Number of protein chains: 2
Amino acid sequence: MTIAEVSKKYNLTQDTIRYYEKEGLIPRVPRTESGIRNFDENSCNWIEFIKCMRDAGLEIEVLKEYVRLFWQGKNTVTERKQLLEKQRNKLLEKQKNINETLERLNYKINLYDEIEKGIRKDFTEKP
Amino acid sequence: MTIAEVSKKYNLTQDTIRYYEKEGLIPRVPRTESGIRNFDENSCNWIEFIKCMRDAGLEIEVLKEYVRLFWQGKNTVTERKQLLEKQRNKLLEKQKNINETLERLNYKINLYDEIEKGIRKDFTEKP
DNA sequence: TATTGACTTGGAGCTAACTCTAAGTGATAA
DNA sequence: TTATCACTTAGAGTTAGCTCCAAGTCAATA
């Protein structure tokens with residue numbers, strides 16, 4: 001697979017993919033004889049993994065550390081577990097924030113909706 | 001309320017609060033005769049609102065726009081509703097990403113846990 | 001009265017995560 | 001064989017969102 005195909009498949013720019021490789025977030029992608037990246041399944045799996053983690057907001061540096069431990073093999077299992085647990089806690093916190101904000105947005109959207117429809121005439125809104 | 005108190009109450013740095021005021025995310029805070037910020041309830045409500053939105057990841061520019069519409073009054077209700085709906089969609093998308101990632105983290109944490117405890121000996125892990 | 005310490009301002013500096021540029025290579029179409 | 005086009009590299013530039021700095025003011029304390 002060329003970088004163009006992978007870029008389309010995972011909706012990441014070619015620059016971003018090259019950046020991830022340069023930073024060691026994904027293992028070095030194999031090349032053709034003429035030096036062009038030729039993504040195999042393993043490369044794709046890594047990209048998919050990193051994209052998933054990044055989309056949820058995990059930091060590049062944290063992912064780098066995880067990948068570094070991963071390549072060191074079995075004896076880093078405990079460290080890796082701790083790292084992932086920490087990130088899980090962060091995500092749970094984020095989830096909470098988002099839910100809180102969603103409730104608030106829903107309240108306001110509903111309020112505006114009632115005002116639009118003329119159901120509600122009084123209108124002294126706090127932030 | 002002084003900026004120091006507000007900073008502690010909402011867990012925002014004084015710099016951040018001043019930045020939000022400068023950018024127009026919160027209305028201009030009243031001052032004492034000697035020019036020192038004296039936060040009233042309204043100021044606090046705004047700060048609390050902005051903090052909530054920022055914690056969920058809404059962008060400064062979007063919040064600026066919302067605040068701008070807010071001050072224009074009733075006839076921007078429809079626009080405001082649309083803006084908030086768009087942000088709600090973004091949050092729902094984020095929520096989905098986070099849930100997906102949480103599942104993946106849980107799977108891995110559990111795997112590492114089993115390896116640690118010796119329940120699982122085979123160990124050919126993909127990213 | 002001198003000093004301390006919390007505040008004020010405008011503006012410069014910083015970090016994360018890309019994103020873009022320039023200069024170059026190699027395979028294919030005209 | 002010339003031109004086109006997708007790719008390569010190292011490294012510079014950009015953006016969002018703070019964060020820090022310098023110089024100054026003011027009220028309260030030693």
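All values derive from a computational prediction rather than experimental measurement. In the text below, chain A, chain B and the rest are named by the order of the sequence lines, each starting its count at 1.
Between the side chains of B/Arg31 and B/Asn38, no donor-acceptor pair is found at a separation under 3.5 Å. Judged by distance alone, the side chains of B/Glu85 and A/Tyr112 never bring a donor and an acceptor atom under 3.5 Å apart.
For the pair B/Glu48 and B/Lys9, the salt-bridge criterion is not met [side-chain N within less than 4.0 Å of a carboxylate O]. Residues A/Glu125 and A/Lys108 are paired through a salt bridge, judged by an N-O separation under 4.0 Å between the basic side chain and the carboxylate. Look at A/Arg18 and A/Glu21 and you find no salt bridge, because none of the NZ, NE, NH1 or NH2 atoms lies under 4.0 Å from a carboxylate O.
Atom NZ of A/Lys64 and atom C1' of C/dA16 are 11 Å apart (whole Å). Nucleotide D/dG24 holds its P atom 18 Å from the CD1 atom of B/Ile36, rounded to whole Å. Counting to the nearest Å, the P atom of C/dA17 and the CD atom of A/Glu21 are 19 Å from each other. Between B/Ile3 atom CD1 and C/dC7 atom P the separation is 7 Å, expressed in whole Å. Residue A/Glu23 contributes atom CD, which lies 13 Å from atom C1' of D/dG11 at whole-angstrom precision. When the C1' atom of C/dG26 is taken as reference, atom CZ of A/Arg31 falls 15 Å away, rounded to whole Å. Distance B/Arg28 CZ to C/dT8 P: 10 Å, rounded to the nearest Å. Distance CD (A/Gln14) to C1' (C/dC20): 13 Å, rounded to an integer number of Å.
Remark on DNA chain D: of its neighbouring residues A/Lys22 and A/Phe39, the 5'-side contact belongs to A/Phe39, judged by nearest-heavy-atom nucleotide. Summary of the strand contacts: B/Asp15 and B/Ala4 both lie near DNA chain C, and taking for each the nucleotide with the nearest heavy atom, the more 5' one is attributed to B/Ala4.
Between A/Tyr20 and C/dC18 there is a side-chain N or O to OP1 or OP2 distance below 4.0 Å. Using a 4.0 Å cut-off, some side-chain N or O of B/Arg37 falls inside it from OP1 or OP2 of C/dT8. A close approach under 4.0 Å does not occur between any side-chain nitrogen or oxygen of B/Arg18 and OP1 or OP2 of D/dC21. The phosphate of D/dC7 has neither OP1 nor OP2 within less than 4.0 Å of any side-chain N or O from A/Ser34. Residue B/Arg54 places at least one side-chain N or O under 4.0 Å from the OP1 or OP2 atom of D/dG17.
The listed nucleotides are C/dA17, D/dT19, D/dG17; the one nearest the side chain of A/Tyr19 is C/dA17.
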